[in-house]
Amino acid sequence: MKLTSTALTWVICLAALSWSCERLDNQFPKTKEELLRPKTWTIKDLVKGPPGGATTSVYNSLEPCERDDEYRFRSENRLYVNAGARRCDSSELQEYRGSWTLKNDVLLEWFTPYDTVALFIEELTADNMRAYFDELNGTTLSRYTFVFSGK
């Protein structure tokens, strides 16, 4: 196929625009709040191990009813949790509201009628989040790292 000069001009303009937008995204990266809000997050893995040491997946230790929960962090610190296809208890609501806060871009806390969670964000991209909490059991410190997928 032979490109006309008009078509070639459009192709060059679209390529330049795409390159320009990519450069703007790199110059002005999104904040953690902007990365959290537009997505629906689900737990894809849960790993356990000493901080900085080898880890083992303990995802299967989560109840099936916990594995399909969906988390939506919305503006004005509104949190929506959907229990998914499986609920842990017949009295559990299918969807319930809570609130969330992000402190110093590293501590994510959320509050619902069922639990209070505080996680340290280790990594957050447009599609993935790794966040952890540490638990001391006797003299053993374990780190639990949740791997979330955002869609």
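As the structure is a computational prediction, the values presented were derived from the model and not from experiment. Quick note: numbers below take in every heavy atom, side chains included, and nothing from hydrogens, waters or symmetry partners.
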Evaluate the side-chain proximity of Asp69 to Trp41: yes if any heavy-atom separation is below 4.5 Å, no if none is.
no
Suppose we screen for side-chain contact (heavy atoms from CB on, under 4.5 Å). Which residues come up paired with Arg67, at least two apart in sequence or across chains?
Tyr59, Asn60, Leu62, Pro64
Going by heavy atoms in the side chains, are Asn82 and Asp68 under 4.5 Å from each other?
no
If a pair satisfies side chain to side chain donor-acceptor pair (under 3.5 Å) and one of its residues is in residues 120-131, list it, with sequence neighbours excluded.
Lys39-Asp127, Glu122-Arg130
Name all residues meeting the ring-ring contact (aromatic ring centres under 6.0 Å, His included) criterion together with Tyr80; count only those two or more places apart in sequence or in a different chain, and write none if there are none.
none
Hydrophobic clustering (ILVMFWY, side-chain heavy atoms < 4.5 Å, transitive) - are Tyr71 and Leu46 grouped together?
yes
Do you reckon Val81 sits in the same ILVMFWY cluster as Met129, going by side-chain contacts under 4.5 Å, direct or chained?
yes
What's the spacing between Glu33 CD and Arg74 CZ if we round to 0.5 Å?
13.0 Å
Looking at residues at least two apart in the chain, or sitting in another chain, which of them share a ring-ring contact (aromatic ring centres under 6.0 Å, His included) with Tyr144?
Phe133
Strictly by salt bridge (Lys or Arg N to Asp or Glu O under 4.0 Å), give each pair with a member in residues 45-66 just once, sequence neighbours left out.
none
CZ (Phe148) and CD1 (Ile43) are apart, to the nearest 0.5 Å, by 4.5 Å
Closest non-hydrogen atom pair, Phe111 against Leu79
O-CD2, 4.5 Å
Residue pairs passing the disulfide bond (SG atoms under 2.5 Å apart) test with at least one member in residues 66-151, sequence neighbours excluded, are Cys65-Cys88
Pairs meeting criterion salt bridge (Lys or Arg N to Asp or Glu O under 4.0 Å) with involvement of residues 140-151, two or more places apart:
Glu70-Lys151, Asp134-Arg143
Carefully, step by step, assess Ile121 and Leu102 under the rule side-chain contact (heavy atoms from CB on, under 4.5 Å).
CA-CA 9 Å; Ile121 297 175; Leu102 186 61; 3.7 Å; yes
The side-chain contact (heavy atoms from CB on, under 4.5 Å) partners of Asn137 (sequence neighbours excluded) come to none
Check Ala131 against Leu119 and note the closest heavy-atom contact, atom names and distance.
CB-CB, 3.8 Å
So, for Leu107 and Ala118, which heavy atoms are closest and what is the spacing to 0.1 Å?
CD1-CB, 4.1 Å
Linking Ile, Leu, Val, Met, Phe, Trp and Tyr by side-chain heavy atoms under 4.5 Å, what else ends up with Leu141?
Leu136
Hey, is CG on Asn104 packed in by over 12 heavy atoms from elsewhere, all under 6.0 Å?
no
Any heavy-atom pair between the side chains of Trp110 and Asp115 that's under 4.5 Å?
yes
Across all chains, not counting sequence neighbours, the side-chain contact (heavy atoms from CB on, under 4.5 Å) partners of Glu76 are Arg78
If we only count heavy atoms from C-beta on, is the Thr56 to Val47 side-chain gap below 4.5 Å?
no
By the ring pair (Phe, Tyr, Trp, His ring centres under 6.0 Å) test, which pairs, at least two apart or in different chains, include something from residues 85-106?
Phe73-Trp100, Tyr96-Tyr114
Salt bridge (Lys or Arg N to Asp or Glu O under 4.0 Å) pairs, two or more places apart, involving residues 84-111
Arg72-Glu95, Lys103-Glu109
Do the side chain of Gln94 and the main chain of Gly84 share a donor and acceptor less than 3.5 angstrom apart?
yes
In one Ile/Leu/Val/Met/Phe/Trp/Tyr side-chain cluster, 4.5 Å: Phe146, Val58:
yes
